[in-house]
Amino acid sequence: HDVSVIVRVETAERIRAGRVLDAGAAGVMFPRLDTQEEVVDALAHLRYPPEGDRGVATYNRACGFGLRTGVLDTANDEVIAVVQIESVAALDNVEAIAQAPGVDVLFVGPRDLTHALGVPGQIDAREYRAALDRVVAAARSAGVTAGALASDRKAAEGYLDAGFGFVAVGSDSSFIATAAWAAVRPLVAT
């Protein structure tokens, strides 16, 4: 469908990033990276040597199972790197993280960050709004994009208005749960 897929890996281990890229993902979202050093180490897994330490293989989906080896010539330039800002430590280091070579998006997970800031789920809390402003400023200063997860269209519009350019709306599981609840709600109410 000509849609780029970005996969959130569960850890920054080299094998995790390599597997999703070999499967054909356009990019990787890394959780729980709190320092620039952790980001630099993780982003090395996205690029082939000499720029990184990604394993070089051509018999995978990304290379057409050996039929498109030219992919290796452009892969380092085309991969998308998303770093989640979801802890106080990451927020404290967001300017340095944004400056790490290869970062494309600083992505805020509202649940994790509001919990870390001591205002669980309160997306209108002063502390959270200040954190969003800091992420946007760091992204702009570094020439990268600020991103966030929005619960619905209205929240997405709010993030866009606040300067975020990479906004995800909901999730596959939330869409399925909402549709399932809508289907059974009339039956439960009777």
Can you check whether [X] reaches [Y] side chain to side chain, under 4.5 Å on heavy atoms?
| X | Y | result |
| --- | --- | --- |
| V105 | V144 | no |
| E86 | P110 | no |
| R134 | D92 | yes |
| Y128 | D124 | no |
| R54 | D22 | yes |
| V7 | V28 | no |

Could you tell me whether the side chain of [X] and the main chain of [Y] form a donor-acceptor pair under 3.5 Å?
| X | Y | value |
| --- | --- | --- |
| N93 | A96 | no |
| R129 | I123 | yes |
| R47 | N76 | yes |
| T178 | F175 | no |
| R140 | T145 | no |
| R14 | D53 | yes |
| T114 | G121 | yes |

Working to the nearest 0.5 angstrom, can you tell me the gap between [X] [atom1] and [Y] [atom2]?
| X | Y | atom1 | atom2 | answer |
| --- | --- | --- | --- | --- |
| F164 | E157 | CZ | CD | 15.5 Å |
| Q36 | E95 | CD | CD | 11.0 Å |
| R32 | E38 | CZ | CD | 11.0 Å |
| D112 | I85 | CG | CD1 | 11.5 Å |
| L149 | Q84 | CG | CD | 9.0 Å |
| S171 | R8 | OG | CZ | 12.0 Å |

Exercise. Does a donor on one side chain sit under 3.5 Å from an acceptor on the other, for D34 and S87?
Worked result: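 Yes, because at least one side-chain N or O of D34 sits under 3.5 Å from a partner of the opposite role on S87.
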Taking all heavy atoms of [X] and all of [Y], pick out the closest pair and write down the distance.
| X | Y | result |
| --- | --- | --- |
| A146 | A139 | N-CB, 3.8 Å |
| V40 | P101 | CG2-CD, 4.5 Å |
| L106 | A138 | CD1-CB, 4.3 Å |
| F30 | A17 | CZ-CB, 4.1 Å |
| P31 | V9 | CD-O, 3.1 Å |
| G27 | V79 | CA-CG2, 4.2 Å |

Same cluster or not: are [X] and [Y] linked, directly or through other Ile, Leu, Val, Met, Phe, Trp or Tyr residues, by side-chain heavy atoms under 4.5 angstrom apart?
| X | Y | value |
| --- | --- | --- |
| I80 | L43 | no |
| V167 | F107 | no |
| L21 | V83 | yes |
| L91 | V103 | yes |
| V108 | L160 | yes |

Exercise. Given the rule in the side-chain contact (heavy atoms from CB on, under 4.5 Å) test, do I6 and V20 qualify, once you have shown the distances and angles that lead to the verdict?
Worked result: CA-CA 9 Å; I6 297 174; V20 299; over 6 Å; no
Exercise. side-chain contact (heavy atoms from CB on, under 4.5 Å) between L117 and L113: does it pass, once the steps are laid out?
Worked result: CA-CA 6 Å; L117 293 170; L113 192 53; 3.9 Å; yes
Problem set entry | Test side-chain contact (heavy atoms from CB on, under 4.5 Å) applied to L33 and I97, step by step | CA-CA 9 Å; L33 301 179; I97 289 171; 5.8 Å; no
